[in-house]
Q: 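After the structure tokens below, expect a handful of questions from me.
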Amino acid sequence: MKHRSKILLLLLALLLPCVVMSCGDNIEPTKEFHDTDGYAFMENGVMRPATTRFTADEMLERLTLNAWKRDYAFYYDKRKVGTRRDVPPFVEQNYFVFALDGTAYMGNVDDASSRVLYTYTITDRTIEMKSASVTYIMKVVAIDDKTMIVDTPLTGQNIYGYDEATVVQRTVFKNYLHSTL
């Protein structure tokens with residue numbers, strides 16, 4: 001009986017490291033997130049229906065027919081997609097109004113005097129907005145009459161938990177009536 005107990009203890013001692021190692025953090029292969037035809041990835045990488053197919057003319061028409069209020073934003077990089085809790089809430093209070101003449105303004109929903117005038121150009125799906133002191137680059141991922149989804153590269157910015165070389169902010173804008181501005 002003592003002999004069996006010793007053998008059993010020896011077997012357990014040999015198996016314990018294997019069990020502990022297999023229960024540790026499972027390393028999953030890197031999953032890069034990509035939008036597909038008719039779908040855009042959102043918070044936590046969840047795919048949602050979105051109008052990802054549009055022409056430059058359709059994009060310009062939708063940009064200029066609506067005012068666009070930031071609904072929410074989240075960060076992603078080559079390894080993960082975060083949630084809106086990662087982005088400071090002040091980022092979500094702005095809106096954009098685009099005009100056909102290449103001008104746009106951005107303002108704060110709660111402060112009418114906060115409007116800043118920009119000029120903008122569109123190349124493919126990328127909007128470059130310039131003011132006297134700031135330039136914004138936004139790649140339009142999806143747009144329809146109600147929602148616009150844009151990516152803004154934040155390369156080189158130290159956002160906790162995200163890779164500086166590949167971090168992007170994805171912002172979801174909702175149609176916002178001009179009359180309320």
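One-based numbering along the sequence shown.
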Q: Using the test side-chain contact (heavy atoms from CB on, under 4.5 Å), find all partners of Thr123 that sit at least two apart in sequence or belong to another chain.
A: none
Q: Under a 3.5 Å cutoff, is there a donor and acceptor pairing between the side chains of Asp86 and Tyr160?
A: no
Q: Decide yes or no for Val87 and Tyr72: does some side-chain heavy atom of the first lie under 4.5 Å from some side-chain heavy atom of the second?
A: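 Val87 vs Tyr72: side chains apart.
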Q: How long is the span from the CG atom in Leu65 to the CG atom in Asn175, to the nearest 0.5 Å?
A: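 CG of Asn175 is found 9.5 Å from CG of Leu65.
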Q: Under a single-linkage definition using a 4.5 Å side-chain heavy-atom cutoff for Ile, Leu, Val, Met, Phe, Trp and Tyr, are Val46 and Val81 assigned to the same hydrophobic cluster?
A: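 No, Val46 does not connect to Val81 through the hydrophobic network.
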Q: Do Asn44 and Lys80 come close enough that some side-chain heavy atom pair is under 4.5 Å?
A: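 Counting from C-beta outward, Asn44 and Lys80 never come under 4.5 Å.
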Q: Assess whether a salt bridge exists between Arg62 and Asp145, defined as any Lys/Arg side-chain N lying under 4.0 Å from an Asp/Glu carboxylate O.
A: yes
Q: Here's one to test your reading of the geometry: is the NZ or CZ of Arg70 within 45 degrees of the ring axis of Tyr176 and under 6.0 Å from its centre?
A: no
Q: Does anything in residues 48-59 pair up under salt bridge (Lys or Arg N to Asp or Glu O under 4.0 Å), and if so which pairs, sequence neighbours excluded?
A: Asp37-Arg53
Q: According to side-chain contact (heavy atoms from CB on, under 4.5 Å), who are the partners of Ile137, at least two apart in sequence or on a separate chain?
A: Thr126, Glu128, Thr135
Q: Could you pull out the closest heavy-atom pair between Tyr120 and Ala104, with the gap in Å?
A: CD2-CB, 3.9 Å
Q: Hey, mind stepping through Tyr75 and Arg84 against side chain to side chain donor-acceptor pair (under 3.5 Å) and telling me if it holds?
A: CA-CA 8 Å; Tyr75 301 123; Arg84 63 183 86 186; over 6 Å; no
Q: Within the structure provided, determine whether Ile159 and Leu154 are in side-chain contact (heavy-atom separation under 4.5 Å).
A: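 A side-chain contact under 4.5 Å exists here.
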Q: Show the nearest heavy-atom pair for residues Val141 and Ala40, with the distance to one decimal.
A: CG1-CB, 4.4 Å
Q: Counting only heavy atoms not in Asp124, do more than 12 sit closer than 6.0 Å to its CG atom?
A: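 No.
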Q: I'd like to know if Lys146 pairs up with Asp144 as an ion pair, taking the criterion as any Lys NZ or Arg NE/NH1/NH2 lying under 4.0 Å from an Asp or Glu carboxylate oxygen.
A: no
Q: Measure from the ring center of Phe96 to the ring center of Phe173 and say whether it is less than 6.0 Å.
A: yes
Q: Side chain to side chain donor-acceptor pair (under 3.5 Å): which pairs involve residues 148-158, sequence neighbours left out?
A: Tyr76-Asp151, Asp151-Arg170
Q: About how many Å separate OG1 of Thr55 and CD of Glu61, when rounded to the nearest 0.5 Å?
A: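 Rounded to the nearest 0.5 Å, the CD-OG1 separation comes out at 8.5 Å.
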Q: Return the minimal non-hydrogen interatomic distance between Met138 and Met129, and the atom names on each side.
A: CE-SD, 3.6 Å
Q: Taking the side chain as every heavy atom from C-beta outward, state whether Thr64 and Val97 have any pair of such atoms under 4.5 Å apart.
A: no
Q: Could you tell me if the side chain of Ile127 sits less than 4.5 Å from the side chain of Val140, heavy atoms only?
A: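 Yes, at least one pair of side-chain atoms sits under 4.5 Å.
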Q: Backbone N or O of Gly38 within a donor-acceptor pair of the Thr52 side chain at under 3.5 Å?
A: yes
Q: Testing the basics here: between Tyr162 and Arg79, what is the closest heavy-atom pair and its distance to 0.1 Å?
A: C-NH2, 4.0 Å
Q: Any chance OH of Tyr39 has more than 12 other-residue heavy atoms, nucleotides or ligands included, within less than 6.0 Å?
A: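 For Tyr39, atom OH is not crowded (no more than 12 foreign heavy atoms under 6.0 Å).
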Q: Under 3.5 Å, side chain of Asn66 to main-chain N/O of Trp68, donor-acceptor pair present?
A: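 No; zero donor-acceptor contacts below 3.5 Å.
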Q: Is there a side chain to side chain contact (heavy atoms under 4.5 Å, CB included) between Met106 and Leu117 once you walk through the steps?
A: CA-CA 7 Å; Met106 180 179 75; Leu117 183 64; over 6 Å; no
Q: Would you sort out whether Tyr105 and Phe98 count as a side chain to side chain contact (heavy atoms under 4.5 Å, CB included), showing the intermediate values?
A: CA-CA 7 Å; Tyr105 64 87; Phe98 294 88; over 6 Å; no
Q: So, using side-chain contact (heavy atoms from CB on, under 4.5 Å) as the criterion, who are the partners of Lys174 when residues are at least two apart?
A: Asp71, Thr147, Val172
Q: Quick one: are Ile149 and Thr171 in side-chain contact, heavy atoms under 4.5 Å?
A: no
Q: By the ring-ring contact (aromatic ring centres under 6.0 Å, His included) test, which pairs, at least two apart or in different chains, include something from residues 130-156?
A: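 Non-adjacent pairs meeting ring-ring contact (aromatic ring centres under 6.0 Å, His included): Tyr118-Tyr136.
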Q: Under 3.5 Å, side chain of Thr166 to main-chain N/O of Lys78, donor-acceptor pair present?
A: yes
Q: Could you go through the side chain to side chain contact (heavy atoms under 4.5 Å, CB included) check for Asp35 and Phe41 one step at a time?
A: CA-CA 6 Å; Asp35 303 308; Phe41 70 85; 3.3 Å; yes
